[in-house]
Amino acid sequence: MPAGGLNWSALPKSYKFYEGRPPLLLPRDFHFPDIPLYGLYAGESKGTSGDKQPDTTILSEILFLSYGLTARRRAVGEDFFFRSVPSAGALYPSEIYVGAWNVEGIPSGLYHFDTTRHALILLRKGDFQNVLDFEEVSRPPVSGKGVSFYISGIFFRSSWKYRKRAYRYVLMDAGHLIENLVLALKAYEITPLVSLDFKDEQASVLMGVDPMKEVCLAHVHFPGRGTPRKRRPASLSPLPSDIVNASTVSAKEIVFPEILDIHRSGNTLKRNVSPHGAMKDLLGIRVNQWEGLPRPPAETPGTSFTRTALNRRSHRNFIPEPLAPEVFACLMDLLASAATQQGDPPFESLLSLGFLAHAVEGLQTGFYLVDAGRRSFGRVRIGSFADPMASICLNQEWLKNAAVHFLFMTHTATLDRTWGPRGYRYAMIAAGRLGQAIYLACTALELGCCGIGAFYDGEARNFSGSRPFVSGGRRVYPALHHILIPIRFPIPPASGGNSAFY
Ligand SMILES: Cc1cc2nc3c(=O)[nH]c(=O)nc-3n(C[C@H](O)[C@H](O)[C@H](O)COP(=O)(O)O)c2cc1C
């Protein structure tokens, strides 16, 4: 937060509008599928890429579940809308663009998803399925049909408040949205391919965004069934300036060169990557003994993904009550599944997942590491860390009542060595994806949860107890990046002002 407070006269707009471009309104009579969240993570969705093709009704539901306006609060005479994903500072830097390639009911082209009107705005006509692919990244050949989702981030929406620190929030927010989108697709039996590797500059041209202000962060794609065709990518012409100028969200925008530098330094792909193994083994945090994660009860909660997505909210008014062992077991089981399902690059090569157990029945208070692949965990240190953690997190006192804090840790120099500067993007997006899994699991288990991005980096690093180690001749430390905290907080079913859709 800048010294001297926020400049309210520069407050960025939360929504993109394209003047004079007619909306293709999406149907709003939703009939969401009733698939348990736990089933989706346990791999019970039967679909594979290309099995199903969405029509406009399904596409409409997928977009609403991913990023729809799910709650309204009236503040100082104005409506503020919350969404199905959380966002640091409720600033919502992410946007979704949809490439509908020969989908029934939608003329082929590239669209922007307008959340306020629940509509698609046509930006570019034609089929541009494989224009972003790097030559060295092998992809299944495309057939005539398919849908692509491009997730972007608008820097100033977040940097208005968080200045240059905003880059990590823009990435994490995108991660939350990607996880929601992937789950929404799976709920309709569609298993998408998530790619963080594409030609950045081509993506800006394709989407018609101003690359100083808005950038593409992910491509979520599923090719349709049909005879695969190897095609030469279509050539892209720049979109008109009224479209590109829509990336401007405030008349008083400031460009932070540090953000542009770090983002642009990751524009290229590092070739011949040799994986470095699990991040948990590289942090210098020692676990004495590993043991199996507690097994969840046979009857895991049946709450549907759609209900959890629509009811998810950040909760901070925790009650100081311990987590029951079976609830903790369900939570850890889902997290281990969510972490192992993230591939390319795998979650465990990017981040190490730890947790502080503060009030879990039957578990000694302390700091633990998780090995999601082996479904095991091990204690690092005994002790109560509730007070120091609250102070590390900028004295957010309410954190002291949290039963568990999850910590996502990474070693930035190792990321850099393996993937080049793009590795930082991968790690922060992966943190956001797992953060969303924690939010959804907590909602299903009727626990409160809140993402935490506000913490002193240096103090958090020292707290994790990791040894400094040498990289490239310099002493470097693992960085701790993201914390989420669930605790018992009974949420009345489908309440809290979330049941209405906007
Ligand atoms: C990456 C990230 C970091 C966040 N950091 C904090 C934080 O430090 N403190 C806090 O109280 N809330 C934090 N939040 C929660 C947001 O304030 C919250 O998502 C936003 O106000 C929207 O409300 P909702 O989650 O109920 O929809 C964070 C959320 C995300 C996704």
Side-chain angles (χ1 to χ4, degrees), residues 37 40-41 45 47 49 54 59 61-68 83-88 91-99 112-113 115 132 137 139 147-154 157-158 167-188 190-198 200 203 207 214-222 263 266 305-306 308-309 312 334-335 337-351 408 422-441 451 453 481-482 484:
L37 175 71
L40 284 184
Y41 276 117
S45 162
S49 294
L59 190 60
E61 294 184 359
I62 288 170
L63 287 167
F64 191 86
L65 288 169
S66 308
Y67 207 31
R83 307 196 189 186
S84 55
V85 282
S87 164
L91 294 164
Y92 304 105
S94 308
E95 295 285 339
I96 306 183
Y97 298 79
V98 182
H112 172 254
F113 172 50
T115 45
L132 305 188
V137 177
R139 302 226 191 284
V147 179
S148 298
F149 299 89
Y150 305 95
I151 311 295
S152 78
I154 299 183
R157 289 230 182 101
S158 294
Y167 187 55
R168 67 175 76 175
Y169 298 136
V170 172
L171 296 174
M172 283 193 281
D173 274 17
H176 282 268
L177 177 51
I178 293 165
E179 189 71 3
N180 241 18
L181 175 60
V182 167
L183 290 169
L185 287 161
K186 286 187 177 174
Y188 290 88
I190 298 166
T191 305
L193 309 164
V194 178
S195 172
L196 307 182
D197 293 332
F198 43 81
D200 291 353
M207 295 150 67
E214 180 176 2
V215 292
C216 184
L217 297 171
H219 178 200
V220 179
H221 177 63
F222 56 97
H263 186 74
F305 159 65
T306 53
T308 55
R312 184 216 58 80
L334 187 139
L335 291 198
S337 300
T340 46
Q341 279 172 27
Q342 275 194 40
D344 204 15
F347 176 90
E348 288 198 287
S349 63
L350 297 167
L351 293 165
F408 298 169
R422 212 167 173 110
Y424 183 78
R425 275 195 221 178
Y426 301 153
M428 300 308 279
I429 289 175
R433 289 191 64 179
L434 201 69
Q436 184 65 12
I438 298 178
Y439 260 107
L440 294 173
H481 279 305
H482 194 85
L484 285 127

Atom pair [atom1]/[atom2] of [X] and [Y] - distance to nearest 0.5 Å:
X      : Y      : atom1 : atom2 : value
His221 : Leu193 : NE2   : CG    : 6.5 Å
Asn180 : Leu440 : CG    : CG    : 5.5 Å
Leu183 : Leu37  : CG    : CG    : 6.5 Å
Phe64  : Thr306 : CZ    : OG1   : 11.0 Å
His219 : Asp197 : NE2   : CG    : 12.0 Å
Glu179 : Ile429 : CD    : CD1   : 12.5 Å

Do any N or O atoms from the side chain of [X] and from the backbone of [Y] form a donor-acceptor pair under 3.5 angstrom?
X      : Y      : value
Tyr97  : Cys216 : no
Arg422 : Leu196 : yes
Tyr67  : Ser94  : yes

Grab the two heavy atoms, one from [X] and one from [Y], that are nearest each other, plus how far apart they are.
X      : Y      : value
Ser84  : Gln436 : O-NE2, 3.8 Å
His263 : Asp200 : NE2-OD2, 4.1 Å
Ile96  : His112 : O-CD2, 3.7 Å
Leu334 : Ala437 : CD2-O, 3.8 Å
Tyr41  : Ser337 : O-CB, 3.6 Å

Applying ring pair (Phe, Tyr, Trp, His ring centres under 6.0 Å), name anything that partners Phe149, two or more places apart in sequence or on another chain. none
Partner set under ring pair (Phe, Tyr, Trp, His ring centres under 6.0 Å) for Tyr169, not counting sequence neighbours: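 For Tyr169, the residues satisfying ring pair (Phe, Tyr, Trp, His ring centres under 6.0 Å) (neighbours in sequence not counted) are Tyr162.
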Sequence neighbours excluded, the answer for salt bridge (Lys or Arg N to Asp or Glu O under 4.0 Å) partners of Arg83 is none
Quick one, Arg425 with Val170, criterion side-chain contact (heavy atoms from CB on, under 4.5 Å). Give me CA distance, side-chain angles, the key distance, then yes/no. CA-CA 10 Å; Arg425 275 195 221 178; Val170 172; over 6 Å; no
Output all residues satisfying side-chain contact (heavy atoms from CB on, under 4.5 Å) with [X], sequence neighbours left out; order by chain, then residue number.
X      : value
Pro345 : Ser349, Leu350, Trp419, Tyr426
Ala184 : Ile62, Leu65, Ser66, Phe305
Val182 : Ile178, Lys186, Pro192, Val194, Arg433

Is there a side-chain contact between [X] and [Y] (heavy atoms, below 4.5 Å)?
X      : Y      : answer
Leu181 : Ile151 : yes
Thr115 : Tyr92  : no
Leu434 : Leu351 : no

Check step by step if side-chain contact (heavy atoms from CB on, under 4.5 Å) holds for Leu185 and Val220. CA-CA 10 Å; Leu185 287 161; Val220 179; 4.0 Å; yes
What class does the angle between the rings of Phe408 and Phe347 fall in, given that below 30° is parallel, 30 to 60° is tilted and above 60° is perpendicular?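 The arrangement is perpendicular - the two ring planes meet at more than 60°.
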Mind telling me whether Tyr167 and Tyr424 have parallel, tilted or perpendicular rings, with 30° and 60° as the class edges?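 Parallel, since the angle between the ring planes stays under 30°.
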If we count only N and O atoms by modelled type, under 3.5 Å, do the side chains of Ser87 and His176 hold a donor and an acceptor together?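 Per modelled atom types, Ser87 and His176 side chains form no pair under 3.5 Å.
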